[in-house]
Protein chains: 2
Amino acid sequence: MGITKSEIFTLQQNEIATFAKVFGHPARVAILQHLFKINTCVCGDLVSIIGLAQPTISQHLKELKNLGLIKGTIEGTSVCYCIDKDNWLNMKTIMITFLDQDYSETDQCC
Amino acid sequence: MGITKSEIFTLQQNEIATFAKVFGHPARVAILQHLFKINTCVCGDLVSIIGLAQPTISQHLKELKNLGLIKGTIEGTSVCYCIDKDNWLNMKTIMITFLDQDYSETDQCC
DNA sequence: TCTATTAATCGTAATATTGCAATAAACAAA
DNA sequence: TTTGTTTATTGCAATATTACGATTAATAGA
């Protein structure tokens, strides 16, 4: 039925999945990498850099903004985007905790 | 049109997105957390633990197996699943490198 | 052999995602 | 005010994902 049954999972599991989902598209990965790389706000050149149509980029930016990972500031006719450092750090902690689970070397059966 | 234009992104960007996508569903997060928690192979009790139908769990397991994050061993009529440690570590390195990008505190505009 | 158990596969319905053309909105500058 | 520039929104088509009933396959045990 195409609909995720999020109600049967914990808040933490849903949160991890929500963050992961937004990284599940290479355009959004590329946008974030660019924002980190140029080390300042980006005003408008994302469309030419990524290579997708302007409405498509705008949609991807919206998803990143909804999760709070980036923020945009209006500068005249253009909008400047940058990483939201606090929220990124919070997300990073949650994701790394998930990735960093560890288990002892004993009691392995495969 | 519902199809990701992966050809315009780098191999690394596509790899990050592929790993992230598999974590983008809470059932798969829950499966992996359970495999880490019980610290040994799981033979069949995943359906009752997660709370989705057996074909649905089987489908999620298949996606995790396709990416190499888990492996299954046949034990009679049941199959035992566990984390593939080597591949998990490889994935972890790739994902943490992405999450851990950093940028200097200077030259910020927002 | 027959039956029960377990997991995979098939088929299908419902919903979500991706991408873009067309358009709108907001503002700067002439 | 008009024109150009930039970004957001709308609407839609194509494809992907999620979920599960029905079925199949494989094996253990009676």
Side-chain angles (χ1 to χ4, degrees), chain A residues 1-9 13-14 17-31 34-35 41-67 70-82 109-110, chain B residues 1-9 13-14 17-31 34-35 41-67 70-82 109-110:
Chain A
M1 295 125 191
I3 186 163
T4 297
K5 288 191 163 179
S6 22
E7 69 278 6
I8 67 171
F9 301 103
Q13 286 161 346
N14 281 306
T18 303
F19 281 131
K21 206 179 212 173
V22 91
F23 299 138
H25 194 290
R28 293 188 291 263
V29 170
I31 287 170
H34 185 70
L35 287 180
C41 285
V42 163
C43 302
D45 46 355
L46 279 169
V47 172
S48 49
I49 285 165
I50 306 287
L52 290 170
Q54 180 267 322
T56 310
I57 297 293
S58 190
Q59 198 173 278
H60 285 307
L61 287 169
K62 194 179 177 183
E63 288 178 64
L64 291 168
K65 222 177 356 181
N66 285 344
L67 266 187
I70 65 173
K71 52 187 173 183
T73 316
I74 297 171
E75 298 272 338
T77 46
S78 54
V79 179
C80 287
Y81 285 105
C82 63
C109 62
C110 2
Chain B
M1 295 131 191
I3 186 165
T4 297
K5 287 192 162 180
S6 22
E7 69 277 7
I8 68 171
F9 302 102
Q13 286 161 345
N14 281 307
T18 302
F19 281 131
K21 207 179 212 172
V22 91
F23 300 137
H25 193 290
R28 293 189 290 264
V29 170
I31 288 170
H34 184 70
L35 288 180
C41 285
V42 163
C43 301
D45 46 354
L46 279 169
V47 172
S48 48
I49 285 166
I50 308 286
L52 290 170
Q54 180 267 322
T56 309
I57 297 293
S58 193
Q59 199 172 277
H60 285 306
L61 287 169
K62 194 179 177 184
E63 288 178 64
L64 291 168
K65 222 175 359 178
N66 284 344
L67 267 187
I70 64 174
K71 52 187 174 184
T73 318
I74 297 170
E75 298 273 337
T77 46
S78 53
V79 180
C80 287
Y81 287 104
C82 63
C109 63
C110 5

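Since the structure is predicted, the reported quantities are computational estimates derived from the model, not experimental observations. Only heavy atoms go into these numbers, but all of them, side chains included; no hydrogens, no water, no symmetry mates. Quick note on labels: first sequence line is chain A, next is B, and so on, each numbered from 1.
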ask   = Looking only at atom types and distance, does a side-chain atom of B:S58 sit under 3.5 Å from a main-chain N or O of B:Q54, one as donor and one as acceptor?
value = no

query = Across the strands shown, which category fits B:T4 at heavy-atom distances under 4.0 angstrom: base, sugar-phosphate, nothing?
reply = sugar-phosphate

query = Heavy atom of residues 57-65 of chain B under 4.0 Å from DNA chain D: which residues?
reply = B:Q59, B:H60, B:E63

task = Assign each of A:G51 and A:T77 to its nearest nucleotide of DNA chain C by heavy atoms, then name whichever residue's nucleotide is nearer the 5' end.
result = A:G51

inquiry  = Under 4.0 Å, heavy atom to any atom of DNA chain C: which of residues 23-30 of chain A qualify?
reply    = A:H25, A:R28

request  = Please check the phosphate of D:dA8 (OP1 and OP2 only) for any side-chain N or O of A:Y81 closer than 4.0 Å.
outcome  = yes

inquiry  = Can you tell me if B:T56 touches the phosphate of D:dC20, counting only side-chain N or O atoms and a distance under 4.0 Å to OP1 or OP2?
reply    = yes

message = Side chain of A:P55 only, heavy atoms from C-beta on: which candidate in C:dA21, D:dC20, D:dT6 is closest?
response = C:dA21

query = For C:dC20, does OP1 or OP2 lie under 4.0 Å from any side-chain N or O of B:K5?
reply = yes

message = Rounded to whole Å, please give me the gap between NZ in B:K21 and C1' in D:dT18.
response = 13 Å

ask   = Do the rings of B:H25 and B:H60 sit parallel, tilted or perpendicular, given the 30° and 60° boundaries?
value = tilted

request  = Send over the distance from A:Q54 CD to D:dT10 C1', rounded to a whole Å.
outcome  = 13 Å

